[in-house]
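Here's the structure, in C-alpha cells; my notes come after.
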Number of protein chains: 2
Amino acid sequence: MKWFYVYNDGTGGSQPPEAAGGRREELMRASEKAYTTLRSDIVDWRLPPGTVLAEVELSARLGVSRTPVREALARLSAEGLAEPQSGRGTVVSGISLDHVDELFELRSALECRAAELAANKRDPEVFLELHRQLGDAGRLITDADPARHDYYRLAGELDTAIDTAAGNHYLAQALKGLRVHLVRVRRLSKDNPARLRDAAREHADIALAIANGNAVVASAATTVHLDNSLRRLLAGRAAP
Amino acid sequence: MKWFYVYNDGTGGSQPPEAAGGRREELMRASEKAYTTLRSDIVDWRLPPGTVLAEVELSARLGVSRTPVREALARLSAEGLAEPQSGRGTVVSGISLDHVDELFELRSALECRAAELAANKRDPEVFLELHRQLGDAGRLITDADPARHDYYRLAGELDTAIDTAAGNHYLAQALKGLRVHLVRVRRLSKDNPARLRDAAREHADIALAIANGNAVVASAATTVHLDNSLRRLLAGRAAP
DNA sequence: ATAAAGGGTTGTGTATACAGAAAGCTTGCC
DNA sequence: GGCAAGCTTTCTGTATACACAACCCTTTAT
C-alpha cells in the first residue's frame with residue numbers, strides 16, 4: 001500500500017516529515033514550525049523579554065494545537081530563551097546589558113579554547129583564505145547594506161571554521177547554544193561602520209594566528225577582540 | 001470554594017504541584033517524575049547507551065501517559081542524555097572513553113575560567129576552610145565507604161563554592177549541564193584509594209590558590225588536576 | 001531461491017477533552 | 001468604604017483518540 005502526503009485538515013493528522021530542519025513551512029512538523037517561529041520571534045525582539053507565552057493563544061496564532069506548542073516551549077526553556085513562570089505559564093527570558101559581561105566571560109572561555117585547538121590543528125589553508133577576505137571586509141561595510149549581512153556572514157564563516165578545526169563536539173555544542181543569546185544581545189545596541197571595520201581587523205588577526213599555528217596568539221587575539229566587542233556593545237547602547 | 005489534592009485515578013486529572021523539584025514522588029508532577037526517573041536511570045547506567053526509549057513502553061512502566069513522557073524525553077534530548085533517532089524514536093545517547101578527552105577539553109575551559117574568576121573575588125574564608133578539609137580527605141577515603149560518598153561530597157562543595165564565587169550565571173549553567181555527563185563517565189572506570197587521595201591533594205591546591213587570590217595558579221592547578229583526572233580515568237577503564 | 005509488493009503491526013505526531021489550579025471579579029458583611 | 005469569601009474565567013497538566021509512517025512478515029512472481 002502507498003502513503004500520500006496530505007495537508008492537515010484540522011481534524012487530526014500530521015504534516016509530512018522531511019527530516020527535522022527542512023525549509024518549507026508546509027513540510028515541517030507542527031512542533032518544528034512552532035519552535036522555529038517562536039525562536040526567531042524572540043531572537044529578533046518581536047517578542048521582547050517578559051512577554052507571556054500562553055499556550056492557547058500561541059496555538060491559535062500559529063495554527064497548531066497545544067501539544068506541539070508545549071514541545072516548542074520546552075525546547076526554548078532548555079535553551080534559556082524562555083523561562084517557566086513560578087506558578088503558571090512561560091515568559092520570554094530577560095536579557096539586559098547589565099549581565100552581558102557574564103555572557104562575554106563565558107564566550108571568552110569557550111572561544112579562546114576553540115581558537116587554541118584550531119591553531120594546534122595546523123591546517124592553514126582555510127584560515128589564510130578567511131584572513132584575506134577579512135582584510136578586504138572594509139569594502140563590505142557600506143551604507144548599501146545597512147544590516148551588514150555580508151560582514152556577519154563572513155564572521156559566521158570564521159566561527160564555523162574554528163568550530164570545525166577545533167574538532168570538539170561538546171565545545172561546538174556549547175558555543176552554538178551561546179550564540180543564540182549573542183544574536184539577541186546584538187539588537188540591544190547600534191553599530192557603526194568604523195567599529196565594524198575594527199572588528200573585521202580583529203577577526204583577521206585571529207584567522208592569521210590560527211593559520212600560523214600559534215595557539216597563544218590565537219587565544220590572545222580572541223581575548224582582545226571580545227573585550228573590544230563588549231565595550232563597543234556597551235558604548236553603543238540604543239535608547240530605551 | 002476549597003480545592004483538595006486527590007491522587008490520580010487514571011481517568012484524567014493531575015498530581016499536586018509542590019514547586020518543581022519536590023522530593024516526594026507522589027507530590028511531583030507526572031512529567032517531573034518521568035524526567036527524574038529516566039535521568040537517574042541513564043546517569044546510573046541502568047539504561048545503557050543505545051537503549052531505545054519508546055514512549056508507549058515508558059508510559060506503561062512509569063505509570064503516566066505519553067504526554068509527560070514526551071516532555072521528559074524532550075528535556076533529556078536537550079541535555080544531551082538522549083538523542084532523537086533518525087526516523088523514529090529516541091535512544092539513550094552514547095558516551096565512550098574515546099570522546100572523554102573532548103568532554104574534558106570543554107570542562108577545562110570552563111573550570112579554569114571559573115577558578116580564575118573565583119580567585120579574583122578575594123574572598124578567602126570559604127576556600128581556606130575547604131583547603132583544610134581537603135588536606136584531611138585522606139582519612140575519608142577508606143574501605144568503610146566504597147562509594148566514596150564523603151569524598152565526592154567534599155569535591156562537590158568545592159565546585160559549588162567556585163561557582164558561587166565566580167558569580168557568573170551563564171558559566172554556572174554551562175558547568176551544571178556538563179557535570180551530568182561527567183557523573184555518567186565516572187561509572188565507566190574504577191577508582192582506587194591512592195588515586196582519590198591524589199585527587200584530593202590537587203583539589204586542596206586549587207582551593208589554596210583561590211584563597212590566596214592567585215588566578216594564574218588557580219587556573220594552572222585546575223589544568224593539572226583535570227589532566228591527571230583524565231589519565232586516571234583512562235587508566236582505570238573497567239572491563240567491557 | 002530471491003526479490004519485490006502488499007498487508008499487518010506497532011509507534012510517533014498531533015489534536016482534543018477534561019480535570020485541577022491560579023488570577024480576577026463580584027458580592028456580601030463588617 | 002474596605003475586606004474577605006465565593007464564584008467565574010482562564011490557564012496549565014494530563015490522558016486519550018486518531019492519523020500517518022516505519023518496520024516486519026508474508027506472499028507471489030520471475
Side-chain angles (χ1 to χ4, degrees), chain A residues 1-22 25-36 51-77 82-91, chain B residues 1-22 26-35 51-77 82-91:
Chain A
M1 184 180 178
K2 290 276 172 284
W3 293 102
F4 302 94
Y5 287 164
V6 294
Y7 291 124
N8 191 331
D9 58 359
T11 61
S14 60
Q15 308 286 15
E18 187 64 26
E25 192 170 276
E26 304 107 29
L27 295 176
M28 291 170 60
R29 291 199 315 252
S31 63
E32 196 72 18
K33 175 182 167 184
Y35 169 71
T36 55
T51 305
V52 178
L53 300 172
E55 296 177 6
V56 283
E57 184 232 319
L58 289 177
S59 66
R61 185 157 68 84
L62 300 173
V64 300
S65 82
R66 280 181 54 217
T67 307
V69 168
R70 280 180 70 78
E71 192 171 318
L73 291 179
R75 289 174 67 181
L76 292 170
S77 299
E83 285 170 352
Q85 198 87 301
S86 58
R88 185 150 70 141
T90 304
V91 298
Chain B
M1 183 180 179
K2 291 276 172 285
W3 293 101
F4 302 94
Y5 287 163
V6 295
Y7 291 125
N8 191 331
D9 58 359
T11 61
S14 60
Q15 308 287 14
E18 188 64 27
E26 303 109 28
L27 295 177
M28 291 170 60
R29 291 200 314 254
S31 63
E32 196 72 18
K33 175 182 167 184
Y35 170 70
T51 305
V52 178
L53 300 172
E55 296 177 6
V56 284
E57 183 231 321
L58 289 177
S59 66
R61 186 157 68 81
L62 300 173
V64 299
S65 82
R66 279 181 55 218
T67 307
V69 168
R70 281 179 70 79
E71 192 171 318
L73 291 179
R75 289 175 67 181
L76 293 170
S77 298
E83 284 170 352
Q85 198 85 302
S86 57
R88 182 151 73 142
T90 303
V91 297

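Convention: sequence-line order gives letters A, B, ...; per-chain numbering from 1.
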Whole-Å distance, B:Lys33 NZ to D:dT14 C1', equals 13 Å
With sequence neighbours left out, the residues meeting side chain to side chain contact (heavy atoms under 4.5 Å, CB included) with B:Val52 are B:Val91
Name the atoms and distances for all side-chain donor-acceptor pairs under 3.5 Å in residues 56-63 of chain B, with sequence neighbours left out.
unit_1, atom_1, unit_2, atom_2, d
B:Ser59, OG, B:Glu55, O, 3.3
B:Ser59, OG, B:Val56, O, 2.8

When rounded to whole Å, the CG to P distance for the pair B:Leu53 and C:dG13 reads 13 Å
From the candidates C:dG13, D:dT12, D:dT14, the one with an atom nearest any side-chain atom of B:Arg29 is D:dT14
Here the residues of residues 57-69 of chain A within 4.0 Å heavy-atom distance, strictly under, of DNA chain D are A:Arg66
Side-chain atoms of B:Ala30 come closest, of D:dT12, C:dT12, D:dT14, to D:dT14
In terms of heavy-atom contacts, A:Ser31 and A:Glu71 come closest through OG-OE2, 3.7 Å
Within less than 4.0 Å of OP1 or OP2 of D:dG13, is there a side-chain N or O belonging to A:Arg70? yes
From CD of A:Glu71 across to C1' of D:dG13 the rounded distance in Å is 16 Å
The side chain to side chain contact (heavy atoms under 4.5 Å, CB included) partners of A:Ala74 (sequence neighbours excluded) come to none
Taken to the nearest whole Å, CD/B:Glu55 to C1'/D:dT14 is 14 Å
Residues A:Pro68 and A:Ala30: closest non-hydrogen pair is CB-C, 3.8 Å
A:Gln85 atom CD is separated from C:dA23 atom C1', nearest whole Å, by 12 Å
Residues passing the side chain to side chain contact (heavy atoms under 4.5 Å, CB included) test with A:Thr67, sequence neighbours excluded, are A:Ser65
